[in-house]
**Q** 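Let me give you the structure first, and then I'll get to my questions.
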There are 2 protein chains.
Amino acid sequence: MGTPSGGGARTPHPRAGTVGIKEVARRAGVSPGTVSNVLNRPERVAPATRARVEQAIRELGFVRNASASTLRAGQSSTIGLMILDLGNPFFADVARGVEDVASERGYAVILASSGGSHDKERRHLTVLAEQRVRGVLITPVDGQDDHVELLRRRGVAVVLLDHPTPRANQCSVAVDDVAGGELAVRHLLEEGARDIALVTGPSSLRQCADRRKGALRALRAAGLGREALREITVPDMNARAGEGAARRLLEGELPDAVFCANDLLALGLLRVLLQVGVKVPDDVAIIGYDDIEFTGAAAVPLSSVRQPTFQLGRIATELLLDECENSAGHAHQQVMFQPELVVRESTRRLVADAEG
Amino acid sequence: MGTPSGGGARTPHPRAGTVGIKEVARRAGVSPGTVSNVLNRPERVAPATRARVEQAIRELGFVRNASASTLRAGQSSTIGLMILDLGNPFFADVARGVEDVASERGYAVILASSGGSHDKERRHLTVLAEQRVRGVLITPVDGQDDHVELLRRRGVAVVLLDHPTPRANQCSVAVDDVAGGELAVRHLLEEGARDIALVTGPSSLRQCADRRKGALRALRAAGLGREALREITVPDMNARAGEGAARRLLEGELPDAVFCANDLLALGLLRVLLQVGVKVPDDVAIIGYDDIEFTGAAAVPLSSVRQPTFQLGRIATELLLDECENSAGHAHQQVMFQPELVVRESTRRLVADAEG
DNA sequence: GCCAGGGGTTGACACGTTTTAATGGCTTTG
DNA sequence: CAAAGCCATTAAAACGTGTCAACCCCTGGC
């Protein structure tokens, strides 16, 4: 049709001429109110008029202006997703679950990544508040939920993501990281390890703190004290940090086994150890956490602790939307999934040593 | 397991009482216009008044309503990010780059994932249009840019992400996939492979089509025809699909080498081959694509073709925001990065075979 | 033939912000 | 001293949609 085929890349008219509800109304020969009704309560408008309006909408290429709707309605159809790190497949998977459910139900997702910075978290939450998001899914940087509390006070629904809470006044979805840490270390102990190292991120991260707590609990159950656990703390939770941890381990005598708070750490650690000729699991056993897709294909397939990642995102979003749309009858829930131990090569046959 | 142990916490007042600009104005003893000035052009307001207003803002916990701003201004400070698949670390990394730049410059990112579905893409783009996003970064599902054209006509800035375009009227940022495919296969040939298999996704995906084209080009340069290339097409681009491809390969005689259009495919393939006792690279060499973080730590470290993923996201976003904010002086650019071959164990020492 | 009733449609206002032209107070200049 | 100019501030008008009360027309009952 009217395609001015070719032409320069300039926009001739700064005014792009937005078609609004009233232009549609004029074309269909009805009032703006009727158009609005067609959009929001089609059943209230006579079939014939509705058809006329719908045709006008198609012809003009009308697209409803969400800003105006939101302004008028006082609430948007957007939710915020605030995670720690997109680079971590764990969170990428969670995000997939979130996006899935949100888009099924007609919500848009605003993505924000704190990168573990308390300050960035605050800035991002401000943006989300400005956008008047209907709700927020958040993996908080630390335990002090002041930011979160602020949001709730403003009437924004909040679901804590991968972060359990004792408080009954909000929803949370999490996986039991203490149990997970315990699973991992108990497994190492059962396989015969005695001298275990823990490679973990900053203890301000709840995930790290909890997994460590679980690890200690397993030791205690085996009659060992916390001195049995060598702790190596790294600043980040990625493969590079894992490599750093490996180098630090190599400076002294190697432990029997290493529990990494995260598969990325474990993969980095594994890479370096193999490089310098350390045998895994013969010299050192390694277990990770998250069971991301790649652990099974690692140089030495990694044992890990599996979490229902995708489900985590889905359930959290469903809870959030329920709270948003049905806030009257909504009962807050604290959902806690149980993690699952996945044993692969990287921790097998320590037993031989123990029995030998 | 879900423990619905939550107590019932109701919201007593449905009206959360939004504080607006005029409430702030009343408290500070000025007019709404002045408050707006404090927010948008602080230099125009007398220091004393400004201080009063700022205090009122703090005391009332005022947060600007982006919907109203957007409505009034006719343009938002949001951009849309439309990718193929969050589950692919390649895109997750791109998204990181995007989020990075966007948040630096005060923009919010709306995330949408098409999952390769043309229909989902359309639906998501509609939502983005409703949100009146300032611009869109998109990895289109296929070449026919009808959806994209529609957006542009509506005045939305668009940058094609990981998708080159010959047209001079829009920006694009991509990596030369033909060159990448050629790099990969030339490498395989140089290492002595003669019977090569290509494992790739649907040819409607530009990435797949281009990498295949590059592969054929490398063969031709070596004096070989397209019959030298066995092609296995899989429906998805993930590890599971790679496993399926491996099983199909195992039905017949194994090739010397396999070029996978994607590291995920390669990892899945590798896993199955190793499981059934095939030696890599001795029996079969494997090369992937993307060089995601995990390939180096794979059972057999995977050769791959590296792309500047994070940079891709950053540059694309910078171009987009430039086009948004400076549309007058904006010159459209078609940025094309060159990929880089990364050789690891999975393709080494085929030479021995060739020489032997 | 009049009134009640109801479905379909309308018009006007409100949502919270930005912007523009106008206002008022003050200082400077001739 | 009057006129002119400047600065800080204000009042009012938009932006596009949703809602609500009012309205119109038509049907059916008495």
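Numbered from 1 within each chain, the chains take letters A, B, ... in sequence-line order. None of these values were measured; they are calculated from a predicted model.
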**Q** Can you sort out the partners of A/Asp146 under side chain to side chain donor-acceptor pair (under 3.5 Å), two or more places apart, ordered by chain and number?
**A**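 By the side chain to side chain donor-acceptor pair (under 3.5 Å) rule, A/Asp146 matches no residue at all.
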**Q** May I have the distance from A/Leu39 (atom CG) to D/dT19 (atom P), rounded to whole angstrom?
**A**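 So the two atoms are 11 Å apart, to the nearest Å.
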**Q** Measuring from the side chain of A/Ala46 (C-beta onward, heavy atoms only), which nucleotide among D/dT10, C/dT9, C/dT19 has the closest atom?
**A**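 The nucleotide sitting nearest to the side chain is C/dT9.
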**Q** Whole angstrom is fine here: how far is it from NZ in B/Lys22 over to C1' in D/dT10?
**A**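 About 15 Å, once rounded to whole Å.
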**Q** One thing to verify: whether A/Arg206 and A/Asp142 come together as a salt bridge, which I'm taking to mean a side-chain N less than 4.0 angstrom from a carboxylate O.
**A**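 Salt bridge between A/Asp142 and A/Arg206, a charged N being under 4.0 Å from a carboxylate O: no.
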**Q** Base, sugar-phosphate, or nothing: which does B/Val35 touch, judged by heavy atoms less than 4.0 Å apart?
**A**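 Here B/Val35 touches no strand at all.
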**Q** What pair of heavy atoms forms the shortest contact from B/Val45 to B/Thr34, and how long is it?
**A**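 Shortest heavy-atom separation between B/Val45 and B/Thr34 comes out as CG2-CG2, 4.1 Å.
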**Q** Does a side-chain N-to-carboxylate-O contact under 4.0 Å join B/Arg123 and B/Asp119?
**A**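 Yes.
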**Q** Salt bridge or not between A/Arg314 and A/Glu104? Use side-chain N to carboxylate O under 4.0 Å.
**A**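 Yes.
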**Q** Apply side chain to side chain donor-acceptor pair (under 3.5 Å) to A/Arg105 and list each qualifying residue two or more places apart in sequence or on a separate chain.
**A**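 For A/Arg105, the residues satisfying side chain to side chain donor-acceptor pair (under 3.5 Å) (neighbours in sequence not counted) are A/Glu325.
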**Q** Take the protein atom CZ of A/Arg44 and the nucleotide atom P of C/dG7, then report the distance between them rounded to whole Å.
**A**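 Atom CZ in A/Arg44 sits about 11 Å away from atom P in C/dG7.
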**Q** Taking only residues two or more places apart in sequence, or in another chain, which ones meet A/Arg27 in a salt bridge (Lys or Arg N to Asp or Glu O under 4.0 Å)?
**A**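 Testing A/Arg27 for salt bridge (Lys or Arg N to Asp or Glu O under 4.0 Å), a comparison that skips the adjacent residues, returns A/Glu59.
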**Q** Check the distance between C/dG16's P and A/Gln131's CD and give it to me in whole angstrom.
**A**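 Taking CD of A/Gln131 and P of C/dG16, I get 16 Å after rounding.
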**Q** In terms of the nearest nucleotide of DNA chain D, which residue is placed more toward the 5' end: B/Val45 or A/Ser36?
**A**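 On the 5' side of the pair lies B/Val45.
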**Q** Identify all side-chain donor-acceptor contacts of residues 79-88 of chain A below 3.5 Å with residues at least two apart in sequence or on another chain.
**A**
{"unit_1": "A/Asp85", "atom_1": "OD1", "unit_2": "A/Gly87", "atom_2": "N", "d": "2.7"}
{"unit_1": "A/Asn88", "atom_1": "OD1", "unit_2": "A/Phe90", "atom_2": "N", "d": "2.9"}

**Q** Excluding sequence neighbours, so at least two apart, what forms side chain to side chain donor-acceptor pair (under 3.5 Å) with A/Glu318?
**A**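 A/Glu318: no side chain to side chain donor-acceptor pair (under 3.5 Å) contacts found.
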**Q** Would you please name every residue forming a ring-ring contact (aromatic ring centres under 6.0 Å, His included) with B/His147, sequence neighbours left out?
**A**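 B/His147 satisfies ring-ring contact (aromatic ring centres under 6.0 Å, His included) with B/His118 only.
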**Q** Is the shortest distance from a Lys or Arg side-chain nitrogen in A/Glu149 or A/Arg167 to a carboxylate oxygen in the other one below 4.0 Å?
**A**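 Here A/Glu149 pairs with A/Arg167 in a salt bridge, since their nearest N and O are under 4.0 Å apart.
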**Q** Going 5' to 3' along nucleotides 20-25 of chain D, which nucleotides have protein heavy atoms under 4.0 Å from the base (write B), which only from the sugar-phosphate (write S), and which from neither (write -)?
**A** ------
**Q** So which of residues 59-76 of chain B are in contact with DNA chain D, with a heavy-atom cut-off of under 4.0 Å?
**A**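 Contacting residues: B/Leu71, B/Arg72.
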**Q** Under the side-chain contact (heavy atoms from CB on, under 4.5 Å) test, which residues partner A/Val127, sequence neighbours left out?
**A**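 Result, side-chain contact (heavy atoms from CB on, under 4.5 Å) vs A/Val127: A/Gln131, B/Ala108.
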**Q** Mind grabbing the angle between the end helix axes of the helix from C/dG1-D/dC30 to C/dG30-D/dC1? Five pairs an end, 10° rounding.
**A**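 Inter-axis angle at the ends, rounded: 60°.
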**Q** With sequence neighbours left out, write down each residue that passes salt bridge (Lys or Arg N to Asp or Glu O under 4.0 Å) with B/Arg26, or none if nothing qualifies.
**A**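 Checked B/Arg26 against salt bridge (Lys or Arg N to Asp or Glu O under 4.0 Å); zero matches.
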**Q** Between the protein and nucleotides 25-28 of chain C, are there any N/O to N/O pairs under 3.5 Å, and if so, what are the atom names and distances?
**A**
none

**Q** Tell me: CZ of B/Arg50 to P of D/dC7, nearest whole Å?
**A**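 Atom CZ in B/Arg50 sits about 16 Å away from atom P in D/dC7.
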**Q** Report the nucleotide, chosen from C/dT9, C/dT18, D/dT9, that has the shortest atom-to-atom distance to any side-chain atom of B/Thr34.
**A**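 For the B/Thr34 side chain, the nearest candidate turns out to be D/dT9.
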**Q** If you compare all heavy atoms of A/Arg52 against all heavy atoms of A/Ala28, which two are closest, and at what distance to 0.1 Å?
**A**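 A/Arg52 and A/Ala28 have their closest heavy atoms at NE-O, 3.1 Å.
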